[in-house]
Amino acid sequence: MLKVASITLVAVALLALVSSAPSLVEHGRVAVSQAWSRATPKGAKVAGGYLTVENRGTRADRLLSAESPAAGKVEIHSMTMQDGIMTMRPLDDGLAIPPDATVTLAPGGDHIMFVGLTTPFEEGHRIPVSLNFERAGKVEVTFEVVSVGAKGPRLQIVSGDPAPLTVLPANAVPRGEPFFTHICGTRVMADVTVTPGRSGPVEIDVKLEDGDEKPLAVDGLSVVLSNPDKHIAPVKATAERIAADSWRVRMTAAVDGKWSLSLGIDMTKDDRIDIAAPVIIE
């Protein structure tokens with residue numbers, strides 16, 4: 001009797017572990033897995049979402065839209081490099097999922113954008129999202145919220161029968177991977193890409209938008225990197241304009257890890273706005 005009880009307890013524990021992982025959701029010929037997001041700083045109004053979609057059918061499908069009670073709206077965004085500038089734009093026609101193919105939405109690439117958060121995303125939260133596909137229809141998934149600097153979910157389900165549980169290694173993403181974040185202020189929004197070199201200064205690209213998500217031209221932009229936890233003095237630099245709404249600056253980060261990045265935006269000569277967010281440099 002004791003042996004049976006022990007087996008039951010082990011089974012319950014395993015089920016609890018699996019249920020806490022980003023799950024594999026199958027709907028018709030479409031399978032969605034690895035849905036995750038990063039924790040957001042207090043006051044943030046936007047957050048990125050990432051996942052993997054597998055089309056197991058012989059016909060193309062398309063992720064048309066998404067919705068969640070955690071945000072006022074949910075958009076599907078594309079990240080592209082144009083003339084050395086990282087550009088983010090909504091995919092009004094949705095994201096194509098080719099037949100017999102897997103599409104991964106990840107930091108620095110195509111992603112889900114939660115706009116108008118009802119509450120900040122905190123590590124450990126689970127965010128319900130409805131994905132609307134052209135052929136597969138509505139697919140209900142849950143996004144796991146991990147730490148601010150995470151490169152992926154803590155746990156991953158690998159599709160198969162049965163589906164084993166795999167722990168992602170700490171070095172799963174190569175050193176030097178760009179870090180992308182979206183900073184949302186009351187009047188200004190900024191897409192920020194931090195590209196760390198394997199040695200030397202990091203390169204920071206900033207693309208500005210107004211409250212209606214339209215390109216925003218300003219008079220000047222300064223960037224401050226600070227890391228008080230490691231007793232490092234703040235580093236400040238003036239960014240160089242590379243397009244009407246885009247700026248670039250190279251700065252030196254003494255150590256890898258979590259930094260605070262602040263943008264000083266000179267809207268006009270007498271109108272300055274400051275916004276900030278945590279970033280990861282490694």
Side-chain angles (χ1 to χ4, degrees), residues 38-48 79 81-88 107-109 120-121 123 146-151 170-171 173-210 215-282:
R38 292 189 179 116
T40 59
K42 185 178 180 180
K45 295 300 182 182
V46 297
M79 291 288 291
M81 185 70 75
Q82 296 179 349
D83 300 324
I85 303 172
M86 190 73 79
T87 301
M88 181 177 72
F121 285 8
E123 186 173 356
V146 294
S147 63
V148 170
K151 298 295 186 179
N171 61 351
V173 178
R175 178 180 170 80
E177 187 79 6
F179 179 91
F180 171 79
T181 189
H182 184 82
I183 309 176
C184 186
T186 55
R187 296 165 55 197
V188 179
M189 296 187 289
D191 296 334
V192 180
T193 304
V194 181
T195 306
R198 296 183 183 276
S199 62
V202 298
E203 186 173 271
I204 301 172
D205 289 286
V206 180
K207 183 177 177 63
L208 299 175
E209 298 175 340
D210 62 18
L216 176 66
V218 299
D219 287 353
L221 178 74
S222 61
V223 181
V224 177
L225 282 176
S226 57
N227 196 329
D229 293 341
K230 295 187 178 180
H231 307 291
I232 299 173
V235 181
K236 182 176 180 179
T238 300
E240 175 187 1
R241 188 194 301 271
I242 55 176
D245 59 342
S246 301
W247 300 77
R248 178 173 293 162
V249 64
R250 289 179 174 85
M251 308 177 71
T252 299
V255 296
D256 293 350
K258 182 178 176 181
W259 289 71
S260 175
L261 181 143
S262 301
L263 301 178
I265 304 168
D266 295 320
M267 305 290 286
T268 62
K269 181 180 178 180
D270 300 316
D271 185 8
R272 178 186 172 93
I273 295 175
D274 294 286
I275 56 177
V279 297
I280 297 297
I281 299 175
E282 57 182 15

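Keep in mind that the numbers below use all heavy atoms, side chains included, and drop hydrogens, waters and symmetry copies. Keep in mind it's a predicted model, so treat the numbers as computed, not measured.
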- prompt: Going through the checks in order, is the side-chain contact (heavy atoms from CB on, under 4.5 Å) test met by Lys207 and Met189?
  reply: CA-CA 8 Å; Lys207 183 177 177 63; Met189 296 187 289; over 6 Å; no

Residues Thr193, Asp191; criterion side-chain contact (heavy atoms from CB on, under 4.5 Å); working and verdict: CA-CA 7 Å; Thr193 304; Asp191 296 334; 5.9 Å; no

task: Would you check, one step at a time, whether the test side-chain contact (heavy atoms from CB on, under 4.5 Å) holds for Asp266 with Val218?
output: CA-CA 6 Å; Asp266 295 320; Val218 299; 5.9 Å; no

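Other residues, nucleotides and ligands place no more than 12 heavy atoms under 6.0 Å from the NZ atom of Lys236.
With contacts defined as side-chain heavy-atom distances shorter than 4.5 Å, the pair Leu208/Trp247 qualifies. The side-chain heavy atoms of Ser226 and Ser260, taken from C-beta on, include a pair separated by under 4.5 Å. Inter-residue side-chain proximity for Met267 and Leu216 is flagged as met; some heavy-atom pair is nearer than 4.5 Å. Side-chain contact check for Val192 versus Leu261: some heavy-atom pair is nearer than 4.5 Å. Within the 4.5 Å cutoff, side-chain heavy atoms of Ile265 are placed close to those of Ile275. Contact of the Ile204 side chain with the Thr195 side chain is not registered, since no non-hydrogen atoms from C-beta on lie closer than 4.5 Å. Taking 4.5 Å as the limit, every side-chain heavy atom of Lys258 sits out of range of all side-chain heavy atoms of Lys230. Within the 4.5 Å cutoff, the side chain of Leu263 has heavy atoms near those of the Ile183 side chain.
The two atoms that bring Val279 and Phe179 nearest to each other are CA-CE2, 3.6 Å, heavy atoms only. Pairing each heavy atom of Val224 with each of Pro234, the nearest pair is CG1-CB, 4.0 Å.
Using a cutoff of 4.0 Å between basic side-chain nitrogens and carboxylate oxygens, Arg248 and Glu240 are not scored as salt-bridged. Between Arg187 and Asp271 there is a salt bridge, since a side-chain N of the basic residue sits under 4.0 Å from a carboxylate O of the acidic one. Contact check on Asp274 versus Arg272 returns a salt bridge, with a Lys/Arg side-chain nitrogen under 4.0 Å from an Asp/Glu carboxylate oxygen.
Between atom NZ of residue Lys45 and atom NE2 of residue His182 there is a gap of 13.0 Å, rounded to the nearest 0.5 Å. Distance check: Trp259 CH2 to Asn227 CG gives 5.0 Å after rounding to the nearest 0.5 Å.
A donor-acceptor pair under 3.5 Å is formed between the side chain of Thr40 and the backbone N or O of Phe121. In this structure a side-chain-to-backbone donor-acceptor pair under 3.5 Å is missing from Arg241 to Leu221.
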